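Only a predicted model underlies this, so the values are computations on that prediction, with no experimental measurement involved. One-based numbering, in listed order, for ligands and for the atoms of each.
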Amino acid sequence: MTDKINSWNETTWVSPSNIALIKYWGKHGEQLPNNPSLSLTLKNSVTKTQLRYRKLEKPVSDSEDLKVAYWFDGKRNEAFERKVIIYLGRLHTEMPYLQNYELEFRSANTFPHSTGIASSASSMSAIALCLVDMEQQLGLRKPPTQDVFRRASFLARLGSGSACRSVYGGWVTWGEDGLLPESSDRYASPLEQTVPEQWQNLRDAILIVNSDRKKVSSSAGHGLMSNHPFAEGRYRQARKHLNCMMLALQNSDEKTFIEVVENEALTLHSLLMTSSEDGLLLQPDSINIINAVRAFREKTGLMVCFTLDAGPNVHLLYLEEDKETVQQFIQEELLSFCENNQWIDDQVGEGPYKVEN
Ligand code: DP6
């Protein structure tokens, strides 16, 4: 690969969003989680990011900002650009050579911005994957990294915690726990436990109750956990839930799976709404959907359950084999609770990939 001044090189990655079943909520130090989390990487909700880079004639000095431009949907996005400059500045020890390059990111999401879907996991993981590819292309990492995905997960975590899980497809864990021999607080890993076949490709209908930007940013929300009276109990509960989930996976135990997933979602919101006035993010239609999902499960006996992000939108998880019945239920009974009848039809996906040109 050429590394000449003035010649541009590029790499492009598509990276997905993910939805946590066991939530990361509360962190310390440099983006280290206070409890282990478990998530499903999605398939259709993705960010595509191209990184173009070229060597500068003169490196930027330690006191200057890195030379970065960030374009989103064809337009320069100065707000996100600022975040990326701060993020890349924080990677200085890991990637000191970034000072020698001019970097241009061009990015777009498949999911509309008007859905309130958090894009930090997909966008930060896409950036991290581009950076790791850049250092591979240029032979800048010495010794060459053994596992580029582990390194990308590590770098993505420094941008946004949940982003470190998006680097792998399927079921992914992040955060050290005795039950997960390969686990680390510093990067995510694919779940080692075998997942029952019919759960491997779970579907996720993202029901858009409200598309406004949320009042509490995730970072502020994590911060509120440090003085929260329930914090220690919550971290213990997350570990217990992980244990229950491992057993549920071993035994294909649908009831436990549903109990853990729904309890995690409601625990997140209990913590949120007892943290600050702005933490009351659930809306009447979120609750209407939750009640309708539970009634539908009771009536049909199907494996359907809900989970939530730090916002009012509801993720409905269900099996591929029940797709027709569940999507009919969504059309007939849930869409009236959604803003402009909006929902996103998603499912577990295989993780990020490089776009070869
Ligand atoms: C509720 O990863 O967005 O989605 O590390 O500050 O960027 P930062 O937070 P973020 O938090 C995600 C919180 C969550 C639960 C989860 O994804 O595990």
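Counting heavy atoms only, H222 comes closest to atom 9 (O) of ligand 1 of the residues Q31, M124, H269, H222.
Residue R165 places a heavy atom under 4.0 Å from ligand 1. Between R157 and ligand 1 there is no heavy-atom distance shorter than 4.0 Å.
Residue L268 has at least one heavy-atom neighbour below 4.0 Å for each of these atoms of ligand 1: 1 (C). Taking every non-hydrogen atom of G161 and a distance limit under 4.0 Å, the qualifying atoms of ligand 1 come out as 2 (O), 5 (O), 7 (O), 8 (P). For ligand 1, the atoms sitting less than 4.0 Å from at least one non-hydrogen atom of D309 are 4 (O), numbered in the order shown with element in parentheses. Residue contact check: S219 has heavy atoms under 4.0 Å from atoms 6 (O) of ligand 1. Near W25, meaning under 4.0 Å from any of its heavy atoms, are these atoms of ligand 1: 1 (C), 13 (C). Counting atoms of ligand 1 from 1 in the listed order, those under 4.0 Å from a heavy atom of K27 are 5 (O), 6 (O), 8 (P). Near S218, meaning under 4.0 Å from any of its heavy atoms, are these atoms of ligand 1: 3 (O), 9 (O), 10 (P), 11 (O).
Between S162 and ligand 1, a contact under 3.5 Å exists for at least one N or O pair.
Using a 4.0 Å cut-off between charged side-chain N and carboxylate O, R82 and D65 make a salt bridge.
Note on ring orientation: taking the six-membered ring where Trp is involved, the planes of F296 and F329 are parallel (angle under 30°, cut-offs 30° and 60°).
A donor and an acceptor atom, one from each side chain of Q198 and E320, are nowhere located under 3.5 Å apart. A donor-acceptor pair shorter than 3.5 Å cannot be found between the side chains of E350 and Y168. Remark: the S211 side chain and the E339 side chain contain an N/O donor-acceptor pair separated by less than 3.5 Å.
T256 places no side-chain N or O within donor-acceptor distance of the main-chain N or O of A248, the cut-off being under 3.5 Å.
Every side chain to side chain contact (heavy atoms under 4.5 Å, CB included) that E64 has, sequence neighbours left out, goes to V60, S61. In this structure, E333 has no side chain to side chain donor-acceptor pair (under 3.5 Å) partners at least two apart in sequence or on a different chain.
Counting heavy atoms under 4.0 Å from ligand 1, residue N18 does not touch it at all. Residue A20 touches ligand 1 through its side chain alone, judged by heavy-atom distances below 4.0 Å.
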